[in-house]
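Report on one structure; see the data block that follows.
These figures come from a predicted structure and were not determined experimentally. Position 1 is the first residue of the sequence, and the numbers go up from there.
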Amino acid sequence: MFQFFLDVLIRTADLALVAVGLSAVYALVKFPNVAHVQYAVIGAFLTLTGQRLGLPFAVAMVASCLLTGAVAVLLNTLVFRRLLRSGPAIAMIGSLAVSMVIVALVLGIAGSRPQRFDFDIVAPLVIAGARVSHAQAYSIVVAIAVLSVFTFVLYRTSIGRSMRALASNRALAEATGINAAAITNQISFVSGALAAVGGTMLAMTGDVHVNLGTD
């Protein structure tokens with residue numbers, strides 16, 4: 001039973017990183033970005049690429065977060081912000097198209113064959129009779145740490161207060177001088193970075209493959 005609980009906790013922790021970023025952006029722009037799950041795929045493949053280039057895993061993951069966050073900001077600025085002028089339904093359909101383009105690019109560059117991170121083989125941890133690999137334990141710790149930092153930013157910083165104000169009443173928030181476009185780009189960057197971490201953690205306990213986001 002405890003083994004089942006740990007397995008659920010591991011998967012929940014990884015998915016939470018992707019879901020929190022998606023929810024944060026949705027609170028601001030009010031449309032479900034279907035392409036958001038593909039940021040997790042981009043993040044996982046970028047981390048894998050960094051590791052294969054000789055970077056330590058942690059460094060590769062940080063670089064992946066930065067690059068994926070930049071991709072999220074770029075797409076928000078060039079695509080989604082313009083589509084939102086025609087309404088959230090159009091933006092959602094556009095995000096589906098972006099998702100398909102990302103999948104096609106990943107297939108063209110990395111192929112469809114599942115790949116794995118290169119980790120040393122070590123004995124799993126045994127906790128109350130349940131077996132947990134070092135990668136799984138690492139994913140739980142990273143998820144708790146990242147979500148704790150995100151919670152602190154959301155509730156204890158000026159950016160977090162601005163974000164909550166925009167989510168609650170955008171017109172009033174803009175009237176008080178809050179730069180909605182800048183805050184949206186900042187949250188888009190954070191959401192992309194969170195998705196990259198979530199995708200990397202999911203791939204650590206499984207495979208890096210093009211259907212990671214869809215799954």
### Message
To check you understand the geometry: which heavy-atom pair defines the closest contact between L212 and A40, and what is its length?
### Response
CD2-O, 4.1 Å
### Task
Kindly work out whether a path of hydrophobic side-chain contacts (I/L/V/M/F/W/Y, heavy atoms less than 4.5 Å apart) joins Y155 to L28.
yes
### Query
Can any side-chain N or O of S139 pair as donor or acceptor with the backbone N or O of M201 at less than 3.5 Å?
no
### Query
Closest heavy-atom contact between S188 and N76?
OG-CG, 3.7 Å
## Note on the structure
Minimal heavy-atom distance between L84 and A91, with the atoms involved, is CD2-CB, 3.7 Å
### Message
Could you tell me if the side chain of Q38 sits less than 4.5 Å from the side chain of M100, heavy atoms only?
### Response
no
### Query
Among the clusters formed by ILVMFWY side chains lying less than 4.5 Å apart, do Y39 and L15 turn up in the same one?
yes
### Task
Show your reasoning for whether side-chain contact (heavy atoms from CB on, under 4.5 Å) applies to E174 and L166.
CA-CA 8 Å; E174 290 180 328; L166 284 169; 4.3 Å; yes
### Task
Identify whether V41 and I102 are in the same connected component of the hydrophobic contact network (ILVMFWY, side-chain heavy atoms under 4.5 Å).
yes
### Message
Given 3.5 Å as the limit, does a donor-acceptor pair link the side chain of Q51 with the main chain of D118, or not?
### Response
yes
### Query
Is the side chain of R116 donor-acceptor paired with the backbone N or O of G206 at a distance under 3.5 Å, no angle test?
yes
### Query
Can you tell me how far the CD1 atom of I187 sits from the CE atom of M163, to the nearest 0.5 Å?
4.5 Å
### Message
Test your reading of the model: is there a side-chain donor-acceptor pair from N179 to the backbone of A181, 3.5 Å cut-off?
### Response
yes
### Task
Return the minimal non-hydrogen interatomic distance between R170 and A180, and the atom names on each side.
NH2-CB, 3.4 Å
### Message
Closer than 3.5 angstrom, by distance alone: can the side chain of S99 be matched with the main-chain N or O of S95 as a donor-acceptor pair?
### Response
no
### Task
Run through V29, V25, V98 and flag the one making a side chain to side chain contact (heavy atoms under 4.5 Å, CB included) with F80.
V98
### Nearest-0.5 Å distance, OG of residue S191 to CG of residue N33
8.0 Å
### Query
Any idea how F117 and F57 line up, ring-wise: parallel (<30°), tilted (30 to 60°), or perpendicular (>60°)?
perpendicular
### Nearest-0.5 Å distance, OG1 of residue T151 to CG of residue L154
7.0 Å
### Task
With side-chain contact (heavy atoms from CB on, under 4.5 Å) as the test, would you mind laying out the steps for L75 and V71 before giving the verdict?
CA-CA 6 Å; L75 289 174; V71 169; 4.0 Å; yes
### Worked check of side-chain contact (heavy atoms from CB on, under 4.5 Å) between H209 and D215
CA-CA 10 Å; H209 57 94; D215 291 344; 3.2 Å; yes
### Query
Is it the case that one hydrophobic cluster holds both V37 and Y26, taking links as side-chain heavy atoms less than 4.5 Å apart, direct or via other members?
no
### Pairwise distance OG1(T49) to CD1(I42) - rounded to 0.5 angstrom
11.5 Å
## Note on the structure
Taken to the nearest 0.5 Å, the spacing of N211 CG from L107 CG works out to 7.5 Å
### Query
Quick one: are T47 and M204 in side-chain contact, heavy atoms under 4.5 Å?
no
### Query
Is T176 reaching over with its side chain to a backbone N or O of A173, donor-acceptor style, under 3.5 angstrom?
yes
### Query
Is a side-chain N or O of S64 found less than 3.5 angstrom from the main chain of A60, in a donor-acceptor match?
no
### Task
Give a yes or no on whether V103 and V106 share a hydrophobic cluster (residues Ile, Leu, Val, Met, Phe, Trp, Tyr; joining criterion: side-chain heavy atoms under 4.5 Å apart).
yes
### Task
Looking only at non-hydrogen atoms, find the nearest pair between Y138 and A58 and report the distance.
OH-CB, 4.4 Å
### Task
Please round to the nearest 0.5 Å and tell me the distance separating atom CG of L147 and atom CG of L17.
5.0 Å
### Query
Does the pair V18 and L22 meet the rule for a side-chain contact (heavy atoms from CB on, under 4.5 Å), with working shown?
CA-CA 6 Å; V18 182; L22 176 61; 5.7 Å; no
### Summary
Looking only at heavy atoms, the pair that brings I90 and S86 closest together is CG1-O, 3.7 Å
